[in-house]
Amino acid sequence: MYRYDEFDRAFLQDRNREFRAQVSRRLAGELTEDEFKPLRLMNGLYLQLHAYMLRIAVPYGAMTSRQLRQLGYIARRWDKGFGHWTTRQNIQFNWIKLIDVPDILEALAEVDMHAIQTSGNCIRNVTSDPFAGAAADEIEDPRIWAEVLRQWSTNHPEFTYLPRKFKFAVTGALQDRAAIAFHDIGIRILGGPNATKGFRIFVGGGQGRTPYVAQEMKAFLPQENLLSYLEAMLRVYNLHGRRDNIYKARIKILVNAIGVDEYRRQVEEEWQRIRAEGADLPAEEIDRIRAHFLAPDLAARPLDAAAFAKARSEDADFDRWVRRNVVAHKNPDYAIVSIAFKEPGRPPGDATADEMESVADAADRYSRGEVRVTYTQNLILPHVARADLIDLYEDLKSAGLAGGNTDLITDIIACPGLDYCNLANARSIPIAQAITERFADPQRAEDIGELRLNISGCINACGHHHAGHIGILGVDKKGTEHYQITLGGSAADNASVGTILGPSFPAEELPAAIENIVDTYLARRTGGETFLATYARVGANPFKEALYGTR
Amino acid sequence: MPNVITANRLEDGIVVYLGQSGNWTSDLTAARVANSGHDLEALEKIAGTAVAASHVVAVYAMDVDLSGGKPAPKSVREKIRAAHRQTFKDLTEIEIR
């Protein structure tokens, strides 16, 4: 894990002192809301429907048990006892008082955390593979480069007032678990044994009202040139990105307006110029950061295979949990374990203070104190000895967190929706609850197989509905909540944007419509075909007919 | 169409409504109703003073239903705001429709 140095801590203390003074001035009436709003947004503080919402950065989704415990403390002391894991691997608290924010930021700084650049038209928290440093298919730990980007982009004077927000994702594994195709810039680490390491760079992906899958920008960028090249990409965007229309201001719009070839030409021209000026990070600085992410020294922990097999055969729930939530680690004695915050009926991604503390305890006991947040709104313990899986499962069961439904239909991504969000047209959470209750039988959910169902309460698409195998978008239809269904989206390696199936449904008809879609898939799938594979093979028509008949 | 003035309280963001005596209340049923454009202008003037004094933020007028004798929210959004609802512990407080 990266550890803050004196510079990081001093910077954070300065920023917190500055914001404490700004809050005081606002409360005293010395700043108007128009003057204060950009200042609070730079510190992750939104005003939502019911209260202020504070979005806290979890850099590349990685945190320590101590940090997670502190988030639990904040939830209990200053919120209503729970928080919400976001699709940017962050956490949001929905009931924060403005008068408490300076103290909350101080509590965060105690554990080297903050809320800086979780809002505003700047480079946001960099996201990455939640299995980083542990995945069996990893080429290089992406956290090294995500941390390089974090340091480069924090308070970057040139990129603090971009035309619009800017999102990076980095993956270092063969399988993309960071949805890089739906980011402004996606970075894929390339290389292998005896090969020069570098990056494949993608640009212009994103969701929102104009969804695009990112296009390839550069097939191979040497590692040492990462910052100069990204600086050139940001400069060209900063120069030409539209500032007259918020809906046309993202880099995806620029890249599609001028074409990726022309954008690349301008970037290359700028890059050649600034490379000579020494915009890249010195090798020793990269090495210094790399040293924070050395593989943990994991002791040999051979599994008693017979006892493990017996436990699985005697407990169907444990067996399912192992099948769904336990993933191969690069060390064969260890595993990566997913902790699901998606029990049927609960708001996706919400976590109570008690649950945060339980996971922090489990991380200390079984995963070297490391925890990750996924963009699918679950938590990960990255380094669990297989020999400890039975004990870990029992601990998670006691905490109510032993659901075995990773990547199944009940593992829904949902934004906070109209229950909290000022931008939303419709609620997401009750829809997720209704659908997960309909598919609550874990055996049935597993029989349906891998199926990503994502819900957004408005076209801004925080719930990633465009990338759902089944996507649900809340719309306002003459004052009532309606929901539009898309099929065929994916954030995986062959990323795609879902296609709208037909007219929207009122809320009460939606769960049955989803069941109808699932039944149509089950009737047509062959062999072990996933929903996405069946959809690719049979197309939208059988689903349209099932939902709308011949109308 | 009857209206009330709503806002968020500055110090904690809680949803409030302009009350009978120029106070701000979290209880919509205690809000002062404007039945005409003239009434609404008067309420907006009071609200403007509260904004200038940094008591409230994000002020706007909202339609209300008076059929039950007291102001009630009409849109889903305003029903949610008026209920001060949290999703995690009050799961069944509001039905889907």
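Naming convention: chains lettered A, B, ... in sequence-line order (proteins, then strands); numbering from 1 in each chain.
- Side-chain atoms of B/Val56 and B/Trp24, non-hydrogen and from C-beta on, do get closer than 4.5 Å to each other.
- Comparing A/Asn425, A/Asn422, A/Asp476 by heavy-atom pairs within less than 4.5 Å of chain B, the highest count is held by A/Asn422.
- Electrostatic pairing of A/Arg20 and A/Glu106 counts as a salt bridge here, judged by a charged N lying under 4.0 Å from a carboxylate O.
- For the pair A/Lys342 and A/Asp411, the salt-bridge criterion is met [side-chain N within less than 4.0 Å of a carboxylate O].
- Here A/Arg26 is the residue among A/Glu33, A/Arg26, A/Met53 with the most heavy-atom pairs under 4.5 Å with chain B.
- Considering A/Arg69, A/Arg77, A/Gln70 in turn, A/Arg77 is the only one that fulfils the side-chain hydrogen bond (donor to acceptor under 3.5 Å, both in side chains) rule with A/Tyr73.
- Within the 4.5 angstrom heavy-atom criterion, atoms from both the backbone and the side chain of A/Ile99 approach chain B.
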